[in-house]
Amino acid sequence: MNESIAIAGAGLAGLTLARVLHVNGIASTVYEAEESPTGRTQGGQLDIHDFNGQVALQQCRLMDEFHSIVNMGAEAMRFLGPDGELVGEIPDDGTLSNPEVLRGELRRILIESLPPGTIRWGHKIASVTPGDGHRPHVIDFADGSSVGSEVLIGADGAWSRVRAALDGAMPEYLGTLWVETFLHDVEKNHPKSAALVGSGAMLAMKPGRGIFGHREANDVIHTYVVLKKPLEWTRSVDFSDRERALALVAEQLGEGWAPELLELVTRGETTPVARPIWGLPLEHTWDRVPGIMLIGDAAHLTPPDGDGANWALYDGAQLAQAIVAAPADIDTAFDTFAKQMLPRSAESSIEGYQSFERTFGYNAPANLRDMMKHATTYGHRHQ
């Protein structure tokens, strides 16, 4: 293999790509902005689907490690009315096929599967520029250093610097934001909340607003408040004042909410974080440049509907397999991958936008029973 492979981003897509390349004897280097594997929290719990995410982990040869981090029983889902009454539920009876794991733990097993030195921590990419024959693609880092590469894969997420270098689209705010907080040691300290959420996910919605609770490993409930708000609203709230901010967020839900549901918010034990939901425009494109490819959110960012992490894993594995099949002709490998990925991601993006609006939009309450049927049939969960 004469190509030097640089991967921008040590998220799930980039790490999976590096791992599948490694097990097939191909080296790569991953450049990551974070200073270390534990530089920041890695988000909540993910359901890993049997038709894409688990396929990728099989190609990584990490299924034993994957099974060791599964949160048993967490595929259950409960739907409640704003008054706290149970609308319906899907129990995790051991027959469901999309087990839940913490994103941070999944990332950890991928990191640990790579040879030492594969990931260059503390390398925040400032820009990507054209080079010369010896360094076709130059990656400029925030500290003023740079590196050249013959092959560059952008796995650097929503605000991808690699996509920007290809004149790709920028993410758009979708009009919905999530505000998150956590409850810890819930069986002991918050037993009513633990019973309300159950062993998996709980969703209670009104038109355009709601509460999404997720029971995670280590006796934690991860609470999201879903609000349709202009982006500017987040700048009007002092989120560093935890109690006051949580009270204000709960107030935005309006009247008619059961006290036990509101307590998932107002009793939050961590400083709330506002997370605006962004997405790339449907049918967006980017300039195809020899030696460069995009995967994961860099290629097809959509609102969270349970598929993003799975397709990121799948992208990484599928691109690696394409490279393994044509190691001396990287652009043939990229073309092979793109012919499969682009139509699939376009279809998935449409489904993702529709699913997100059904779940969290203005008609959400009327869609709860349809969601139950959909979840039972396809095993989808929300991340």
Side-chain angles (χ1 to χ4, degrees), residues 1-22 26-37 39-40 42 107 110-111 114-171 280 284-301 312 315-320 322-324 326-335 337-338 341:
M1 178 78 179
N2 295 321
E3 312 286 349
S4 59
I5 298 177
I7 301 169
L12 299 182
L15 292 171
T16 302
L17 171 62
R19 169 62 182 176
V20 178
L21 289 174
H22 170 64
I26 298 176
S28 64
T29 303
V30 182
Y31 296 97
E32 169 55 45
E34 294 173 15
E35 294 294 331
S36 73
R40 67 177 179 88
Q42 293 299 313
R107 188 176 186 239
L110 284 164
I111 290 169
L114 295 173
T118 299
I119 305 173
R120 307 290 173 85
W121 299 100
H123 282 69
K124 183 178 181 179
I125 298 175
S127 63
V128 175
T129 55
D132 54 30
H134 298 288
R135 301 194 334 159
H137 312 298
V138 177
I139 308 169
D140 301 306
F141 299 105
D143 63 3
S145 64
S146 66
V147 65
S149 180
E150 297 175 55
V151 179
L152 172 60
I153 294 103
D156 47 342
W159 303 100
S160 170
R161 296 294 188 182
V162 181
R163 185 179 65 241
L166 302 177
D167 292 327
M170 293 294 290
L280 286 168
H284 73 96
T285 61
W286 63 85
D287 293 341
R288 289 290 301 275
V289 173
I292 301 184
M293 181 51 64
L294 302 176
I295 58 175
D297 282 350
H300 44 74
L301 175 70
D315 277 359
Q318 293 300 102
L319 179 55
I323 294 171
V324 170
D329 189 349
I330 201 69
D331 286 308
T332 292
F334 283 179
D335 287 343
F337 170 73
M341 183 270 286

* E34 with R107: basic N within carboxylate O range, under 4.0 Å -> yes

* Would you say H300 and M341 make side-chain contact, with heavy atoms under 4.5 Å? -> yes

* Asked: Looking only at heavy atoms, what is the nearest atom pair of S4 and S149, with distance?
  -> O-OG, 2.9 Å

* Asked: Is a donor on one side and an acceptor on the other found under 3.5 Å between the side chain of H22 and the backbone of V20?
  -> no

* Asked: Just one of L110, T118, I7 clears the side chain to side chain contact (heavy atoms under 4.5 Å, CB included) bar with L15, so which one?
  -> L110

* Considering the options D315, L166, L152, I153, which one meets the side chain to side chain contact (heavy atoms under 4.5 Å, CB included) requirement together with L294? -> L166

* **Short side-chain to backbone donor-acceptor contact, D156 and G9, under 3.5 Å** => no

* Tell me, please, which residues at least two apart from R288 pass salt bridge (charged side-chain N to carboxylate O under 4.0 Å, His left out). => D335

* Structure fact -> In terms of heavy-atom contacts, A6 and Y31 come closest through CB-CE1, 3.9 Å

* Asked: Hey, is the main chain of W121 close enough, under 3.5 Å, to the side chain of E32 for a donor-acceptor pair?
  -> no

Per-pair distances, 0.1 Å, donor-acceptor, side chain in residues 137-144, under 3.5 Å, sequence neighbours excluded:
| residue | atom | partner | partner atom | Å |
| --- | --- | --- | --- | --- |
| H137 | NE2 | P290 | O | 3.1 |
| D140 | OD2 | S127 | OG | 3.1 |
| D140 | OD2 | T129 | OG1 | 3.3 |
| D143 | OD1 | S145 | N | 2.9 |
| D143 | OD1 | S145 | OG | 2.6 |

* Starting at CD of Q318, measure out to CG of L17 and round the result to the nearest 0.5 Å. => 11.5 Å

* OG-CG distance between S28 and L114, expressed to the nearest 0.5 angstrom -> 7.0 Å

* **For G14 against I295, the heavy-atom pair lying closest together** => N-CD1, 4.4 Å

* Asked: Any idea which heavy atoms bring W286 and G168 closest together, and the distance?
  -> CB-CA, 3.8 Å

* Asked: Side chain of H284, backbone of A299: donor and acceptor closer than 3.5 Å?
  -> yes

* Structure fact -> Heavy-atom nearest pair, G148 first then R135, reads N-NH1, 3.5 Å

* Asked: Which heavy-atom pair separates T16 from G316 by the least distance, and what is that distance?
  -> CG2-C, 4.1 Å

* To do: Kindly indicate whether the side chain of R163, heavy atoms from C-beta on, has any atom under 4.5 Å from the side chain of L280.
  => yes

* How many angstroms lie between atom CD1 of I323 and atom CD1 of I330, to the nearest 0.5 angstrom? -> 4.0 Å

